[in-house]
Asks: 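Submitted below is the structure of interest, expressed as structure tokens.
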Amino acid sequence: MHSAMLPRKSANRTNWNLAKATPMNLFRHFEALVLAAIDHLKNDGVLPAETPVEKVTVEPPRDPTHGDIATNAAMVLAKPAKKPPREIASLIAAQLKKAHDIKTVEIAGPGFINMVLADSFWPQVIHAIHREGDDFGRPQIGQGQPVNVEYVSANPTGPMHVGHCRGAVFGDALANLLEFAGYEVTREYYINDAGAQVDVLARSAYLRYREAMGQEIGEIPSGLYPGDYLKPVGEALKAKYGDVLLDMTEQEWLPRVRDFAIDAMMTTIKGDLAALNIRHDVFFSERSLTAGGVDQVAQTIDELRAKHLIYEGRLPPPKGKRPDDWEDRKQTLFRAEEFGDDSDRALIKSDGSYTYFAADMAYHRDKIRRGFKEMIDVWGADHGGYIKRMKAAVAALSGRKANLDVKICQLVNLLRDGEPVKMSKRAGSFVTLRDVVDEVGADATRFMMLFRKNDAPLDFDLVKVVEQSRDNPVFYVQYAHARAHSVFRKVRDDHPELADIEQDFSDADLSRLNDAAELGLIKSLAAYPRLMESAAKSHEPHRIAFYLHDLASTFHGLWNRGIDLPHLRFNQPEDKELTKARLALVAATAKVLASGLKVLGVTAVRELR
RNA sequence: GGUCCCGUAGCUCAGCUGGAUAGAGCAGCGGACUUCUAAUCCGCAGGUCGCAGGUUCGAAUCCUGCCGGGAUCGCCA
């Protein structure tokens, strides 16, 4: 465990055939039509041949009364063409009217071109969902590129608490998302096993060892970890060493106890992560950077020195309040300012050991040397001030070739029915991640942790998150999926041959789906590929959670219409073809819900309770 | 004092990296529903997007400066 392992080669990962029909991203399709229309105008000399089209967007308008697809092309092109936007709009519109997937083209406002798609277009979305299966909505942006996602990286000094939980879930969902988007993802955990904290851990564990040996230890001295979780470690030390450690000097026992305790803590942490269905490909030990006669930190500093990015100098004291033990001294500094940081950064402490930053640089150098050009680090909010220097380090070490994105997860406020849960580190009464998962389950924990933007604080209510009500988004989304399956269970009585949700719907007559609410649901489903692409590009898995909530709401709404209007119910005992068409829609909804939930790492249950 | 994040309806928050009249859910008000397929449903009201400038056809979104809240600030990790 204390040595770096190579990233696992993903032998049985599906190889996506990129040459096959592109997934059903209808906005791409219509973007192509708009660009073709612009090309046409260029050929006619209406637009200069070199007119840039990067700013042209083809998107669903926010307001559905503006149609299904809108483009700003005319307004963007007005300046280079030296023509009023509405004039250009009418020329582009004339071209678009020729496309048979488009029902109407209208020019609105300052020059928007709004399109309503042909009724015959929408059923293709449903067919695409069934045809493409797990590939539906897959963004084609990864193209097999390697990306390294580092998350959790909790210190191996105790069990994980709720604060770690959010970053863990976020990182895991982000890794899932990037994998879904076609990246070759390596999930990584950096073990901070080299600093003073692990020596404290060792002394704390040694105390528990003496306790296990029958000695009176009294109060745990301040400065050591008081938690009961070290008692089993003391017992285990006794089992392994007997009384041998008692006669050793601290210098002798400390390395043994330290390694033993770190192993024990990592075992605990891995168990905690497993309870949340989180796994890592690589556990990278900080200690390994300077072990085995090779000092990779020194190598890193030498490498930067050769690039003239290291110097001996003094730093100005921080403005505002000055630390008590401030001492002006000459030290080894990295020219982080050249790469956008606010200050140059120290690499060697006054006692001669490396700073945490120096080791972290060496770690990221190792990632770069392993071939990663894209790296993502997921950190807690208290590390925000560290971002610039780490990005500077990656820029310097890679010759500005590699990119690091740092995602910050804000604090979690743990509540119980609206009341804050008291947590005191001193009293050792902090709530562990395991406590939370044991109480509410991994699915609820994961979904709630993702139901908020990562850089906004999050309220996590242990009571509300398990409520079976509309107010609980976890339940609401899972219920939608379960309800879709329930429809198939119920339809068995009237149409047993239609009761399989996995059946082939390719011959369903989807032109029967002409209620506005049905069409609304299809449009929600059609938005999925675009949503996933934006979530993957922005590294924001929370967008998926919000989308799923929205989709669930649309689906429940359609279901509810059947209460008052029996002719809108999915199951029509007297009309098998209509039932089949509606079941195709229900099954497609279930598939998209399941697809999104899978990326979030939440189980798509088929039945509640 | 420097840096970063946040500021959107009474509350909790979205807002698709610059689009049109800024959206949900709670809470509030007004109705419907009494078992229909499974954990109610529909409607109404609610806003100077912290403030002030700037960039442009167009800004909640980008830039600058303030105001307010949080995090952090050579050797902790």
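As the structure is a computational prediction, the values presented were derived from the model and not from experiment. Order of the sequence lines fixes the chain letters, A, B, ..., with proteins taken first and strands second; residue numbering starts at 1 for each chain.
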Asks: Would you say the ring centers of A:H549 and A:Y476 fall short of 6.0 Å from each other?
Replies: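 Centroid separation for A:H549 and A:Y476: below 6.0 Å.
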Asks: Quick one: look up who B:U48 pairs with, Watson-Crick or G-U, both distances under 3.5 Å, and put none if it's unpaired.
Replies: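 By the stated definition (distances under 3.5 Å), nothing pairs with B:U48.
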Asks: Can you confirm if the aromatic rings of A:Y189 and A:F284 lie within a centre distance of less than 6.0 Å?
Replies: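 No, they do not, as the ring centres are separated by 6.0 Å or more.
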Asks: Can you tell me, in whole Å, how much space there is between the P of B:G69 and that of B:A24?
Replies: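 The answer is 32 Å between these two P atoms.
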Asks: Hey, does the side-chain of A:N114 have a donor or acceptor N/O within less than 3.5 Å of a partner on the base of B:A20?
Replies: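 Side chain to base: pair found, below 3.5 Å.
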Asks: When you check the glycosidic angle of B:U12, does it come out syn, meaning within 90° of 0, or anti?
Replies: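 Glycosidic conformation of B:U12: anti.
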Asks: Watson-Crick or G-U wobble partner for B:C75, using a 3.5 Å limit on both distances?
Replies: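 Partner of B:C75: none found under 3.5 Å.
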Asks: Should the pair A:K464-A:D471 be classified as a salt bridge under the 4.0 Å nitrogen-to-oxygen rule?
Replies: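 No, this pair does not count.
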Asks: Can a donor-acceptor pair under 3.5 Å be found between the side-chain atoms of A:H383 and the base atoms of B:A77?
Replies: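 Answer yes: a donor N or O sits under 3.5 Å from an acceptor.
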Asks: Think A:R335 forms a cation-pi with A:Y311, using NZ or CZ under 6.0 Å from the six-ring centre and within 45 degrees of its axis?
Replies: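 Yes - A:R335 lies over the ring of A:Y311, closer than 6.0 Å to its centre and within 45° of its axis.
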Asks: Across all strands, who's sitting opposite B:U40 as a Watson-Crick or G-U wobble pair, both distances under 3.5 Å?
Replies: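 Answer to the pairing question: B:A32, which forms a Watson-Crick or G-U pair with B:U40.
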Asks: So, A:F546 and B:A14: ring centres less than 5.5 Å apart, planes less than 30° off, yes or no?
Replies: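 Here A:F546 fails the 5.5 Å or the 30° condition.
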Asks: Side-chain donor or acceptor of A:S534 under 3.5 Å from a matching atom on the base of B:C16?
Replies: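 No, no donor-acceptor pair under 3.5 Å.
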Asks: Can you tell me the Watson-Crick or wobble partner of B:G18, both distances under 3.5 angstrom?
Replies: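 Paired with B:G18, as far as the under-3.5 Å criterion goes, is no nucleotide at all.
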